[in-house]
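Some notes on the structure that comes next.
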Protein chains: 2
Amino acid sequence: MKLNEKQTATIFKAFCDENRIKILQLLIDGEKCACKLLEAMNITQPTLSHHMKTLLDSGIVNGRKEGKWMHYSISKKGLEKAQEYLDFLKNNGKEE
Amino acid sequence: MKLNEKQTATIFKAFCDENRIKILQLLIDGEKCACKLLEAMNITQPTLSHHMKTLLDSGIVNGRKEGKWMHYSISKKGLEKAQEYLDFLKNNGKEE
DNA sequence: ACCTCACATTGATGCCTTTCTATATGTTAT
DNA sequence: ATAACATATAGAAAGGCATCAATGTGAGGT
């Protein structure tokens with residue numbers, strides 16, 4: 001595994017907050033702009049922005065700017081990285 | 001998915017702390033007792049105990065008491081639960 | 001140019017987590 | 001019984017994180 005402990009923790013930060021899980025659920029059926037997410041959640045706009053930053057940093061979510069809108073979507077690549085780590089643990093440290 | 005946001009977050013708490021990742025790495029090559037983990041880590045015994053509780057709560061680690069020793073190991077079942085959730089996200093909310 | 005809208009950033013506050021020391025619990029050996 | 005050991009728990013201090021109101025930025029529209 002080429003990731004260190006800190007990097008690994010950063011990836012999984014995406015999944016260890018209730019509100020971020022809620023956001024991921026909202027993104028399951030495809031890309032959404034921040035304003036749509038905000039409507040669906042019970043938090044203020046700066047709080048959403050904060051969580052989106054965490055999600056982007058984790059690599060689990062992609063961001064795309066279009067005019068004044070930010071569109072967010074789940075990153076399959078990011079998910080695969082997380083999955084790789086779980087597989088790594090499951091296979092006793094063998095890389096597959 | 002039968003898990004709510006809180007439960008999901010609890011599972012992934014296992015992976016979002018640097019020290020807990022280090023502990024998981026130590027458990028990769030099989031069951032270890034708390035004292036062995038303590039030797040390998042740079043933390044005090046109560047701190048280790050705290051992290052082990054978090055790991056047990058997440059379901060990612062199993063605990064087995066034998067005399068005065070606690071033996072910890074990675075739970076394949078717990079890992080699979082985490083994997084299921086990642087698959088769920090990856091497959092746009094389809095259960096496989 | 002100006003205003004408005006969508007979002008990010010700043011700074012403050014409260015809470016939750018990590019960490020420690022000290023102590024309790026439970027187990028084994030003497 | 002008691003001593004020694006392994007681990008858990010309690011309580012406190014420190015740091016980090018989530019949250020908010022206020023403000024900044026940057027894009028479009030008038």
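In what follows, chains are A, B, ... by sequence order, proteins preceding strands, each numbered from 1. Hydrogens, waters and symmetry mates play no part in the numbers below; they use all other heavy atoms, side chains included.
- Under the 30°/60° scheme for interplanar angles, the aromatic rings of Y85(A) and F15(B) are found to stand perpendicular.
- The phosphate of dT19(D) has OP1 or OP2 within less than 4.0 Å of a side-chain N or O from N19(A).
- Comparing dT27(C), dT17(C), dT18(C) by their closest approach to the side chain of K13(B) singles out dT17(C).
- Comparing atom distances between the P46(A) side chain and each of dT19(C), dA22(D), dA8(D) picks out dA22(D) as nearest.
- You'll find a donor-acceptor pair under 3.5 Å spanning the side chain of Q45(B) and the base of dA8(D), going by distance alone.
- N4(A) and E18(B) share no side-chain donor-acceptor pair at under 3.5 Å.
- Here dT9(D) is the nucleotide among dT18(C), dT9(C), dT9(D) with the atom lying nearest to any side-chain atom of K53(B).
- Rounded to whole Å, atom P of dT7(D) lies 9 Å from atom NZ of K65(B).
- Phosphate proximity of dT19(D) to T47(A): absent, as no side-chain N or O sits under 4.0 Å from OP1 or OP2.
- In this model, the phosphate group of dC20(C) is approached by a side-chain N or O of T44(B) to a distance below 4.0 Å at OP1 or OP2.
- Distance from the side chain of W69(A) is smallest for dA6(C) among the nucleotides dA6(C), dT18(C), dT7(D).
- Residue contacts for H51(A): at a heavy-atom cut-off of 4.0 Å it reaches the sugar-phosphate backbone alone, with no base atom in range.
- In this structure, K53(A) places its NZ atom where only 12 or fewer heavy-atom neighbours from other residues, nucleotides or ligands lie under 6.0 Å away.
- At a cut-off of 3.5 Å, with distance as the only test, a side-chain donor of D87(A) or Q83(B) sits close to an acceptor on the other residue.
- Closest to the side chain of C35(B), from the set dA18(D), dT7(D), dA8(C), is dT7(D).
- Among the nucleotides dT7(D), dT19(D), dT27(C), the one closest to the side chain of M70(B) is dT7(D).
- Closest contact between the side chain of K68(A) and the listed nucleotides dA18(D), dA6(C), dC20(C) involves dA6(C).
- Annotation: of the two residues near DNA chain D, R20(A) and E66(A), the 5′-most nearest-nucleotide partner is R20(A).
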